[in-house]
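Only one structure is covered here, and it is reproduced in the block below.
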Amino acid sequence: MTSFNKIIISNYKSNDLYYSVGVSSSTGKVVKISLSNPNKRKANAEIINSYPNFEFSNAYEDIAREISKIYEGKKTNLKLDMLELNVDKSNRDLPVKSSFQKDVLVETYKIPYGEVATYKSLAEKLKTRAYRAVGTVMANNPFPLIIPCHRVVKSDLTIGQYGGGPKMKREILKNEGVNLKGDKIIKTC
DNA sequence: TCGATGGCTTGTA
DNA sequence: CTACAAGCCATCG
């Protein structure tokens with residue numbers, strides 16, 4: 001049972017938003033992403049709370065910068081395989097706690113840029129009616145923006161909730177070119 | 001182990 | 001349009 005001996009935290013700031021990434025020094029995989037406006041300490045605290053054994057370094061600053069590009073609606077080269085998605089109940093340090101959670105996150109990753117899915121449609125792809133549980137996974141998404149939970153909305157196409165607040169969700173979707181009228185997605189054909 | 005709690009959905013009024 | 005109620009089911013304490 002492997003345990004992370006240390007987490008490396010890198011930061012990047014763009015447009016008054018602080019992006020923090022936590023990377024395991026033993027596996028090189030991202031274990032947590034957090035963003036906060038406008039408080040850098042808060043962004044870091046979210047990672048430190050889960051991983052008290054950490055150090056700061058600019059080693060992964062480029063990843064944090066790439067994440068900021070997603071927010072701004074630009075293309076990035078971020079891949080699923082840089083994320084720690086392994087599930088192992090005997091290892092408390094792993095960010096993904098269950099295979100259900102992993103399945104939802106992977107399915108969310110497949111939502112294309114500029115498009116949206118619903119909590120319901122994700123649940124149905126996983127052959128379950130656990131719509132609310134899908135929402136819970138989104139709420140605890142360790143990899144915001146890379147796993148685009150901002151592209152998951154309610155079945156009536158209203159925007160739904162978001163960790164960073166609904167205004168933030170709206171903003172990211174707008175940056176991706178999604179048509180919004182108030183809090184509702186307007187489908188473009 | 002079991003009740004409470006959700007970034008939800010559908011139905012009814 | 002709003003307001004509940006009941007159902008769903010994975011997770012947490």
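All chains are named by letter (A, B, ...) in the order of the sequence lines, taking the proteins before the strands, and each is independently numbered beginning at 1. All of these numbers come straight from a predicted model, not from anything done at the bench.
Rounded to a whole Å, the NZ atom of A:K127 is 17 Å from the C1' atom of C:dC9. Distance A:L126 CG to C:dC8 P: 19 Å, rounded to the nearest Å.
Using modelled atom types, one finds no donor on one side chain facing an acceptor on the other under 3.5 Å when comparing A:N58 with A:S10. A donor and an acceptor atom, one from each side chain of A:S14 and A:E72, are located under 3.5 Å apart. In summary, the side chains of A:T158 and A:D183 do not present any donor paired with an acceptor at a separation below 3.5 Å, with no hydrogens or angles considered.
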Along nucleotides 5-11 of chain B, 5' to 3', which nucleotides get a B, which get an S, and which get a -, given that the test is a protein heavy-atom distance under 4.0 Å?
-BBBSS-
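Ring planes of A:Y12 and A:Y19: tilted class, angle from 30 to 60°.
Pairing partner, C:dA10: B:dT5, with both Watson-Crick or wobble hydrogen-bond distances short of 3.5 Å. Here B:dG11 sits opposite C:dC4 as a Watson-Crick or G-U wobble pair (both hydrogen-bonding atom distances under 3.5 Å).
A:Q161 CD to A:M138 CE: the interatomic distance, rounded to the nearest 0.5 Å, is 13.5 Å.
Formation of a donor-acceptor pair under 3.5 Å by the A:D88 side chain with backbone atoms of A:S90 is found in this model.
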